[in-house]
Amino acid sequence: MTIFDADGFIHVATLEGIPVFVSKVPETSVEYQSTRVTDKRYIVIHNAGNAHADDTANNRFMKQDDYILWHFTVDEDSITQGHSILRSGYHAGDGGSGKGNLYGIGIEIADNGNVAKACENAFVLCKALQQQSPFTALELEPHQFFSGKYCPQWILDNWGWQGFILRYEAYLQATSVPAWKTAIVHESHVNQIITDLERWMRDIDTPMPTWAVLASINNAYRALLMHMHALASETDAKQETS
C-alpha cells in the first residue's frame with residue numbers, strides 16, 4: 001500500500017494529524033528534470049540551519065536555486081513536499097551521482113520554533129516513507145554520512161545521531177499496529193465486508209467500527225471452535241488406540 005501517486009507525490013492531506021502540503025518545484029526548472037530513480041535506499045536527514053524559516057519558507061528558498069534540491073521540509077506544524085521521491089536531489093553534498101543525492105530522499109527539518117517537535121513530525125514522515133512508499137528498505141542516515149558536513153547540526157548538538165535513532169525507534173514501537181487488527185481488516189476484505197482495503201489499513205488506528213468488532217468476535221469464535229474440534233479429534237484418536 002502506498003500513499004504516493006505515480007509521479008512520486010504524497011496524496012494524503014494529513015499524516016497522523018499533521019497537515020501535509022505539496023508545493024512542487026517548477027516543471028521547467030533544472031531541479032524538476034533531475035534523474036528518475038526507482039530504487040531509493042536512504043532517508044537523508046538534515047537541519048535547515050535557518051532559525052527564522054519554517055517549512056514553507058525553506059521550500060520556497062529551494063525553488064529559487066537550480067542546484068539545491070531536497071524532497072520534504074518539516075517544521076513543528078506541518079510537512080511540505082517540494083520534489084518527487086522518484087527523482088534524485090542536490091542535498092547530500094556527494095555530487096550528482098553520489099549515493100546520498102541519487103538514492104536518498106532528503107528531509108530538511110526546520111530550525112525555527114520547537115525543533116524537537118519538528119523532529120517528532122519527521123518521525124511520522126519517515127515511518128510513512130518506510131511503510132507506505134514504493135520503497136521497502138529505506139535506511140535513515142544523516143547528511144554527515146555522505147559528505148562529512150556537520151549536519152543535521154541541531155540533532156547532532158542536542159541528541160547525537162544515535163539519540164535521534166533511539167527516539168525514532170521508540171516512536172515506531174509506540175505506534176505499531178497490533179497484528180490482530182491487521183488480520184481483521186484483511187479477512188474482512190476477503191469476506192467482502194469491506195471493499196476499500198487501502199483506506200481501512202490507513203485508518204486502522206481509528207476507533208473500531210461495529211463491523212470490525214463483530215469480525216473480531218467472529219474470528220475468536222471460529223478459533224475456539226477449531227481448537228475444540230482439534231481437542232475432540234485428539235481424544236477420539238487416543239480412545240481408538242487404547
Side-chain angles (χ1 to χ4, degrees), residues 1-5 7-27 29 31-32 40 42-65 68-87 89-92 104-135 138 140-143 151-155 158-159 164-165 167-172 174-175 198-199 201-206:
M1 181 187 68
T2 178
I3 55 173
F4 292 87
D5 62 27
D7 294 322
F9 287 94
I10 198 165
H11 62 69
V12 295
T14 63
L15 285 174
E16 296 186 19
I18 305 165
V20 177
F21 305 100
V22 174
S23 181
K24 302 177 184 179
V25 296
E27 295 186 13
S29 69
E31 297 171 311
Y32 184 84
K40 293 286 189 177
Y42 308 102
I43 298 172
V44 185
I45 301 296
H46 306 258
N47 280 125
N50 186 341
H52 304 289
D54 60 7
D55 65 330
T56 303
N58 278 297
N59 190 68
R60 185 168 57 246
F61 168 72
M62 177 187 72
K63 292 161 70 175
Q64 294 170 353
D65 192 305
I68 298 177
L69 181 62
W70 56 85
H71 300 83
F72 295 90
T73 312
V74 182
D75 67 10
E76 61 185 336
D77 299 317
S78 59
I79 297 167
T80 300
Q81 182 177 8
H83 189 49
S84 168
I85 63 170
L86 300 179
R87 292 190 176 274
Y90 304 109
H91 56 88
I105 297 174
I107 298 178
E108 289 278 356
I109 300 175
D111 292 282
N112 75 309
N114 187 339
V115 187
K117 181 64 171 70
C119 289
E120 291 174 5
N121 289 347
F123 293 162
V124 176
L125 175 58
C126 290
K127 175 185 173 183
L129 287 167
Q130 288 183 320
Q131 298 182 6
Q132 297 174 286
S133 82
F135 312 111
L138 292 169
L140 269 67
E141 295 290 357
H143 179 183
C151 176
Q153 183 173 345
W154 187 95
I155 291 171
N158 291 274
W159 294 346
F164 180 85
I165 293 298
R167 285 170 172 81
Y168 179 54
E169 290 175 347
Y171 155 75
L172 289 178
T175 58
E198 182 173 334
R199 183 176 75 84
M201 287 300 295
R202 187 173 65 244
D203 297 337
I204 198 166
D205 275 333
T206 56

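The analysis underlying the following values was restricted to heavy atoms, covering all of them including side chains, and did not include hydrogens, waters or symmetry mates.
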[X] side, atom [atom1]; [Y] side, atom [atom2] - distance, nearest 0.5 Å:
X: I105; Y: Y42; atom1: CD1; atom2: OH; result: 12.5 Å
X: D77; Y: K117; atom1: CG; atom2: NZ; result: 7.5 Å
X: I155; Y: H143; atom1: CD1; atom2: NE2; result: 13.0 Å
X: I18; Y: L125; atom1: CD1; atom2: CG; result: 8.5 Å
X: L140; Y: I165; atom1: CG; atom2: CD1; result: 5.0 Å

Under 3.5 Å donor-acceptor, [X] side chain and [Y] backbone:
X: E108; Y: T73; answer: no
X: H46; Y: I107; answer: no
X: H71; Y: R87; answer: yes
X: N121; Y: E76; answer: yes
X: D5; Y: D7; answer: yes
X: K24; Y: G82; answer: no
X: T14; Y: P19; answer: no

Go through it in stages, so that I can follow the logic: the residues are F123 and F164, the test is ring-ring contact (aromatic ring centres under 6.0 Å, His included), and I'd like the CA-CA distance, side-chain angles, deciding distance and then a yes or no.
CA-CA 9 Å; F123 293 162; F164 180 85; 5.1 Å; yes
Ignoring hydrogens, what is the shortest heavy-atom contact between [X] and [Y]? Give both atom names and the distance.
X: A48; Y: D111; result: N-OD2, 3.1 Å
X: W154; Y: C119; result: CZ3-SG, 4.1 Å
X: S133; Y: T2; result: CA-OG1, 3.8 Å
X: K40; Y: L86; result: CE-C, 4.5 Å
X: A110; Y: A118; result: O-CB, 4.1 Å
X: L69; Y: H83; result: CD2-NE2, 3.4 Å

Do [X] and [Y] have side chains that get closer than 4.5 Å, going by heavy atoms?
X: K127; Y: L15; answer: no
X: Q81; Y: F4; answer: yes
X: N158; Y: V115; answer: no
X: I85; Y: P134; answer: yes
X: C126; Y: I45; answer: yes
X: L129; Y: F135; answer: no
X: P152; Y: I109; answer: no

